[in-house]
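Because the structure is predicted, anything quoted here is derived from the model rather than measured. So that the names make sense, note that chain A is the first sequence line, chain B the second, and so on, each numbered from 1.
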Amino acid sequence: MSDQKRLFLVDAYALIFRGYYAFIKNPRINSKGVDTSAIMGFMNSLLDVIKRERPDHLAVCFDKGGSADRVEMFEAYKANRDETPEAIKVAVPYIEQILRAMHIPIMVKEGFEADDVIGTLSKQAEKEGYKTFMVTPDKDFAQLVSDNIFMYRPVFGGGYETWGIEEVKKKFEVDDPLQVIDFLGMMGDSSDNIPGLPGVGEKTAKKLLAEYGSMENLLANTHELKGKMKEKIEASKELGMLSKKLATIMLDVPVEFDAKDFELDHPDIQKVTKIFQELEFRQLLSNFQKTFAVEDSSAETDTEETPSKENSKTPKTSKPSAGAGQFSLFDAQGNEDVIVSTQSSRNTSETTSHLYQSIAPGLATKLFIQNLMKQSSVCFDTETTGIDPITAELVGIAFSWEVGKGFYLPFPENKDDAQELIEQLRPFFESETIEKIGQNLKYDIKVLRKYNIKVKGKLFDTMLAHYLINPDMRHNMDVLAETYLNYTPISIEELIGKKGKNQLSMRDVPLEKQTEYAVEDADVTLQLKEHFEKELGEANTQKLFDDIEIPLLRVLADMELEGIKLDKEFLNSLSEELDNDIKNLETNIYKEAGEEFNIASPKQLGDILFDKLKLVDKPKKTKTGQYATSEDILSYLAKDHEIIKHILEYRTLAKLKSTYVDALPTQVEASTGRVHTDYMQTVAATGRLSSNNPNLQNIPIRTERGRQVRKAFIPRNDDYTLLSADYSQIELRIIAALSKEETMINAFKHGEDIHASTASKVFNVPIENVTREQRSNAKTVNFGIIYGVSAFGLSNQTDLSRSEAKELIDTYYATYPKLKSYISEQVDFARDHGYVQTVLGRRRYLKDINSRNAVVRSAAERNAVNAPIQGSAADIIKIAMINIYNKLEAGNYKTKMLLQVHDELVFDVYKPELDTIKSLVKMEMENAYKLEVPLDVDLGSGNNWLEAH
DNA sequence: TGGCGCTCCTA
DNA sequence: GTAGGAGCGCCAA
C-alpha cells in the first residue's frame, strides 16, 4: 500500500440496519429488556473495519431530517418507508455516545442524507490527496467511485470487498461509475422510493444502458424501442429524469473535511467500557480492548475491572497486528503440560453444574488419551471449519463419558501437526471394544475418514435412535435436548454468528468458548443416549437400530465420500443446445402474447393468458388467488392454442436447464472432481432415504430430452462401467405378500406383467387381449392402491369419470378381495394402536387417525396404508445395501456402491469384476428379505447412467 | 436476505 | 391418493 493517507467514511444508518436485520431471528435483548441488536451490529462492523484497516482518518456519517430537496422533487420520496424499528431508534443515541467516547467525529447536516455528506467529503478529501473508502453496503455509492474513492462493502459470509472503478464497471456493466446514476434511475430502488422506469428491472436497465449510455440519450431515442416497452417508457419520460435526479448523490453539502479533526484518535477506554458494560456487551468489550490494547495502556487497567471471565483471560500481550482477533489455540503458555481448567459453570444456566476442560498439548494430551483408552463407551463430537465434511478441517474434538464432565482437545491449524495429533487418537477411534456415541455420526465419520481414520467398534447415534423412536419429529440436538433433558444448549449462532453476515469459523472462536460449546454437545449427547437406550427397547426397534440404521450409516458415509463422476463438457454442450431452443421459444411466445413478460413467473403468465388473451372463460385459481398455470391445466388447453404448447415446452426446458444441466456442474467438488450427495437418514417419515446437495434421486428419466442428463453420470475411468440394479415392482410385491392375496402373488410367481394381469382380471379378458388403455388404467389403480386410493383421485389421473373410477375400484377389490381386507386391517390397527409398522417393525405414528375432521382423518388413513409398504421397501433395500457393502469390503473388490434411488442401486464397477458383481448384487438384493412373493431385480450396465438402465 | 407459494423432477 | 428436494419469483422484515 502507498503512503497516501486513507480516510474511511462510515454510512451509519446502512450499517445499523444491516446489523439489526442480522439479528432479526433472535434479537439481542439484555437483562434490562433493551434490544441491543442494532448497536451490537454496528459496533461489530466499526471495530472490524478499524482492526482490519487501521485507518488514519475516520468519520461516521448520519442522516438528519431526510432530504428536503428530494422530498420537494418527489413527494413519495421515502414517504412510505416503514416506521423505523424501535431497536434502531434506541440504538442511535447509544451509538453517538460511544462514538464520542471513542473520539470519532460524527458528521450530520440537517436536511441532508448520509449519502450526500459522504459524497461531498470524499470529493473534498480527494482534492487533498486522500484515498477515501466509503464503508457501506449500499450500491448507490458506486456512482462516487474514482481513482481515489472506493467503496468498502461488507459482504455476505463475512469480510469486505473493495470496489474501485474496475469493479463498478463490471458489476453494473457500465463504462463509467457515473452511469450508475442512470442505471438506478432506470431500474428504480424500492427501498429508497426511486420510482424508475415502469417495466424496467435490473436486466432491462443493463441492456438499455449498454445501448444508449444514459437516461437522457434513451429518452431522446425512444422511437427506436418497440412494443409495450416503447409505450411505457415514452409515457414516463418525466419520471425517468426525476428518478435520475433522485438517484444522484449531492456533492455540495455545506460540510468541511478537516484532516486534523478526522484523525483516528485514542478512545477514552474507560468511558467506552462503561457504556459497553451497561449494555452487557462482554464479547464486544474484549474485542474492543484487544483492538486498542497496544495504543492505550489504560486498557490493561480496565481489563482487570471487568467481571467477565473471558476478558480476564484476554492475553495482554496479544497485539492486534497478530491478525483478526486470532487467539492462539494453545495460550496456556508456560504450563502447557498441565490440563487447563477453563470454566466450571455456565453463565446462563446456574442450575447445571459441570466440568468441561480443554487439554493442552504434550504430556496432558498423552495422559488424557491413556485415560480415554480405559473407557468402554465414549461420546465424541468433532468441531470443524465448516458443514461440508469433504472440505471441513478439524478444529477440535470433544469427549465425554460421564454426565456433566468432558474434555476438549483443540487441533492445530497446521495440517501436519493436526495429522500428528489424530494419529495419537487412532487407537481410540479404531478400537473395536470402545463404544462410540454421537449425534449424526455419519458427519464425524466422514471428517475423520479424511484424516485416514476408520471409526470402528460399536456405534450409538442419538439422531438415528430418535428417528426410530419418533420419525415424525425433528432430530437436531437442540430440539432433543429441550424435549428430553429440559436443557437449552449454547446455540452455534451464539458462537459464530448467524450464517451469512460475518459468520466466523469455529477456529476464530476463543478456546474457552469452543470448549464450553463442544463439550456441552458431547455431554448432552451422552445424556440423550442414556435416555434413548431405554426407549429403543420399549419401542421394540432395537433390532432395526442395531441391524439396519447403524450399519447403514457407515455404508452411506462411504458412498457419499466416493461421489460420482460427472461429464461436465457434455452438460455444457447440452446447456448450449437448451439455451438455443429456449431463446427460440421465448421469441415465439412473446410474439404470440404481443408483449414481453417473464414466462417463469406464474403470476405474470396467468395474467397474460387469462386476462389479456382470455383463453378460458372461467380460469381456475390457486388458493392464493392467482391463476393456476400448472402443467395439467395448461396441457388441457394445449391442443387449442399454439402459445400454450410453446409455454409448456419452454417450462420443461428452462427447468431442465436450471435445475440439472446448469446446476450439477457447479456441485462438483473441486478436490475430488466428483459430485457428493448427502443422504439424509432421518427425514423421511416412512424410512426412506432422501438425498440433497445435490438431490440425485430426482434426475429426469421420463422424457427423452430430460433423460439425456443421465448421460452425464459416468464411471470413474475407462476401466470401470456403471451398473444399475433396480427392484421390479417392489411395492406391489410387498402389498401382495402382506395381504396374502393369492391371485396377485401367483401372477408375480409366474413372472407375469402385473399390470396386464390385473387388467385381464378386472376387465375379464384373456391376458393377451388386454388393450393398451386397459393396461394403463389397471396400472393406475395398482399404484393408487399403494397410495391409498379414492375414486376422486383415480378419475383425476385417468380419462375415467368419477363413477367409472368408482366402478373400476369396486371391480378391482372384487378381484383382489384380500387386498381390500388388508387395507381395512391396516386402518383398524392404526386406530387401535396409534401407529402402523413395516416388516421390520419400523413404526409410523398417526395421531390424526381418529380425527373428527374427515379430510385430516382420510389423509391419516392413506398414510396407514402407504407407510408400511413404502417403509418395508425401504427396509429391504437398506438390508441389501448393508449386505452388498460388507461383501464388497470382504472381497476387496474395486467396485464401489455410489447411489441409492429408493428401489435402485448404482455401482461403479471395475470391468473385470462385472460378472461377479452382477450376480452378487442380484443375489443380495433378491434375498435381502424373504417374502411370499419373489423379489426380482433388473440389471443393466453401460458407459453412463442412461445406458445402464 | 429469508420464507413461502408454485411448479416440476424422482420413486 | 404416498414420500421427497430444488429453482424461481415475489414480497416482507
Side-chain angles (χ1 to χ4, degrees), chain A residues 17-18 20-25 27 82-83 85 87-88 137 156-157 190-191 201 471 498-501 597-606 622-634 648 651-660 662-664 667 677-680 683-703 706-707 709-710 726-727 729-731 780-781 783-797 805 809 844 858-871 873-874 877 899-904:
Chain A
F17 269 89
R18 207 181 139 86
Y20 170 69
Y21 283 117
F23 291 112
I24 195 90
K25 277 288 281 294
D82 291 340
E83 179 93 11
I88 290 181
F156 179 80
S190 62
S191 70
K498 283 174 58 68
K499 69 171 172 191
K501 191 209 146 101
F597 64 100
N598 189 343
I599 310 168
S601 161
K603 186 182 144 75
Q604 294 185 32
L605 178 63
T622 65
K623 51 185 169 216
T624 50
Q626 305 293 331
Y627 294 117
T629 63
S630 60
E631 151 101 53
D632 53 335
I633 289 174
L634 292 193
L648 284 171
R651 266 199 189 156
T652 313
L653 299 188
K655 192 84 186 178
L656 204 59
K657 184 167 184 289
S658 71
T659 310
Y660 303 103
D662 290 349
L664 281 172
Q667 313 247 31
T677 187
D678 193 3
Y679 287 106
M680 310 300 277
V683 286
T686 51
R688 274 191 178 181
L689 299 177
S690 83
S691 150
N692 62 23
N693 291 312
N695 182 355
L696 296 186
Q697 292 182 321
N698 72 345
I699 303 302
I701 192 163
R702 287 179 196 183
T703 64
R707 74 171 69 108
V709 175
R710 293 194 173 225
D726 65 289
Y727 282 111
Q729 310 293 356
I730 187 166
E731 295 191 343
T780 312
V781 193
F783 279 114
I785 294 296
I786 293 169
Y787 299 148
V789 263
S790 71
F792 177 74
L794 183 62
S795 71
N796 271 346
Q797 284 283 305
I809 292 171
R844 174 153 191 200
S858 310
E861 287 172 3
R862 290 192 295 272
N863 281 322
V865 180
N866 175 260
I869 300 165
Q870 198 184 106
I877 196 165
L899 304 177
Q900 190 252 42
V901 192
H902 307 306
D903 64 1
E904 173 189 8

ask   = Short question: side chain of Asn693(A), backbone of Thr677(A) - any donor-acceptor pair under 3.5 Å?
value = no
query = In whole angstrom, what separates Leu648(A)'s CG from dC9(B)'s P?
reply = 10 Å
message = With hydrogens left out and only the distance checked, is there a donor-acceptor pair under 3.5 Å joining Gln870(A)'s side chain and the base of dT2(C)?
response = yes
ask   = Nearest to the side chain of Ser630(A) - dC9(B), dC10(C), dC8(B)?
value = dC8(B)
query = Which of these nucleotides, dC8(C), dA11(B), dC9(B), is closest to any side-chain atom of Tyr787(A)?
reply = dA11(B)
request  = Indicate, with a heavy-atom threshold strictly under 4.0 Å, whether Arg707(A) touches base, sugar-phosphate, or nothing.
outcome  = nothing
task = Examine distances only and state if a side-chain atom of Gln697(A) and a backbone atom of Gln900(A) form a donor-acceptor pair shorter than 3.5 Å.
result = yes
ask   = Taking only residues two or more places apart in sequence or in another chain, which ones pass salt bridge (Lys or Arg N to Asp or Glu O under 4.0 Å) with Glu904(A)?
value = none
inquiry  = At 4.0 Å (heavy atoms only), tell me whether Ile699(A) reaches a base, stays on the sugar-phosphate, or touches nothing.
reply    = sugar-phosphate
task = Specify the separation, in whole Å, of atom NE2 of His902(A) and atom P of dT2(C).
result = 16 Å
ask   = dA6(C) phosphate, OP1 or OP2: any side-chain N/O from Gln697(A) under 4.0 angstrom?
value = no
Close side-chain approach of Leu696(A) to Leu664(A), heavy-atom, < 4.5 Å = yes
inquiry  = Under 4.0 Å, heavy atoms only, any strand: does Gln604(A) hit a base, just the sugar-phosphate, or nothing?
reply    = sugar-phosphate
request  = Output yes when at least one side-chain N/O atom of Thr629(A) is less than 4.0 Å from OP1 or OP2 of dT7(B), else no.
outcome  = yes
ask   = Is the phosphate of dC6(B), meaning OP1 or OP2, less than 4.0 Å from a side-chain N or O of Thr622(A)?
value = yes
request  = Measure the distance from CG on Asn695(A) to P on dA11(B) and round it to the nearest whole Å.
outcome  = 11 Å
query = Leu689(A) CG to dA11(B) P: how many Å, rounded?
reply = 15 Å
message = Can you tell me if Asn698(A) touches the phosphate of dC8(B), counting only side-chain N or O atoms and a distance under 4.0 Å to OP1 or OP2?
response = no
query = When you check the phosphate oxygens OP1 and OP2 of dG5(C), does a side-chain N or O of Ser690(A) lie under 4.0 Å from one of them?
reply = yes
remark   = Regarding the side chain of Asn866(A), the nearest nucleotide among dT2(C), dC6(B), dA6(C) is dT2(C)
Main-chain N/O of His902(A) paired with Arg688(A) side-chain donor or acceptor, under 3.5 Å = no
inquiry  = So, OP1 or OP2 of dA3(C): does either fall under 4.0 Å of a side-chain N or O from Asn863(A)?
reply    = yes
ask   = Any side-chain N or O of Arg862(A) under 4.0 Å from OP1/OP2 of dT2(C)?
value = yes
Between dC10(C) (P) and Ile599(A) (CD1): distance, integer Å = 13 Å
message = Please pick, from dA3(C), dC9(B), dG1(C), the nucleotide with the shortest atom-to-atom distance to any side-chain atom of Thr780(A).
response = dG1(C)
request  = Could you tell me whether Ala685(A) contacts a base, only the sugar-phosphate backbone, or nothing, with contacts defined as non-hydrogen atoms closer than 4.0 Å?
outcome  = sugar-phosphate
ask   = Rounding to a whole Å, what distance do you find between Ile633(A):CD1 and dC6(B):C1'?
value = 11 Å
inquiry  = How many whole angstroms separate atom OH of Tyr679(A) from atom P of dT10(B)?
reply    = 16 Å
key: Length of the line joining Ile869(A):CD1 and dG1(C):P, which is rounded to integer Å   = 17 Å
task = Assign Gln626(A) to base, sugar-phosphate, or nothing according to its heavy-atom contacts below 4.0 angstrom with the strands shown.
result = nothing
remark   = Taken in chain and number order and not counting sequence neighbours, the residues that satisfy salt bridge (Lys or Arg N to Asp or Glu O under 4.0 Å) with Lys655(A) are none
ask   = Counting any heavy atom closer than 4.0 Å, what does Val865(A) reach on the DNA or RNA strands: base, sugar-phosphate only, or nothing?
value = nothing
Close side-chain approach of Phe783(A) to Leu794(A), heavy-atom, < 4.5 Å = no
inquiry  = Please determine whether a side-chain nitrogen or oxygen atom of Thr652(A) lies at a distance below 4.0 Å from atom OP1 or OP2 of dC8(B).
reply    = no
key: side-chain N/O Arg651(A) vs dC8(B) OP1/OP2, d < 4.0 Å   = yes
inquiry  = Reading DNA chain C from 5' onward, which residue's closest nucleotide shows up sooner: Asn692(A) or Arg688(A)?
reply    = Arg688(A)
message = Using a heavy-atom cut-off of 4.0 Å across all strands, would you classify Ile701(A) as base, sugar-phosphate, or nothing?
response = sugar-phosphate
ask   = Phosphate oxygens OP1/OP2 of dT10(B): is one of them under 4.0 Å from a side-chain N or O of Arg702(A)?
value = yes
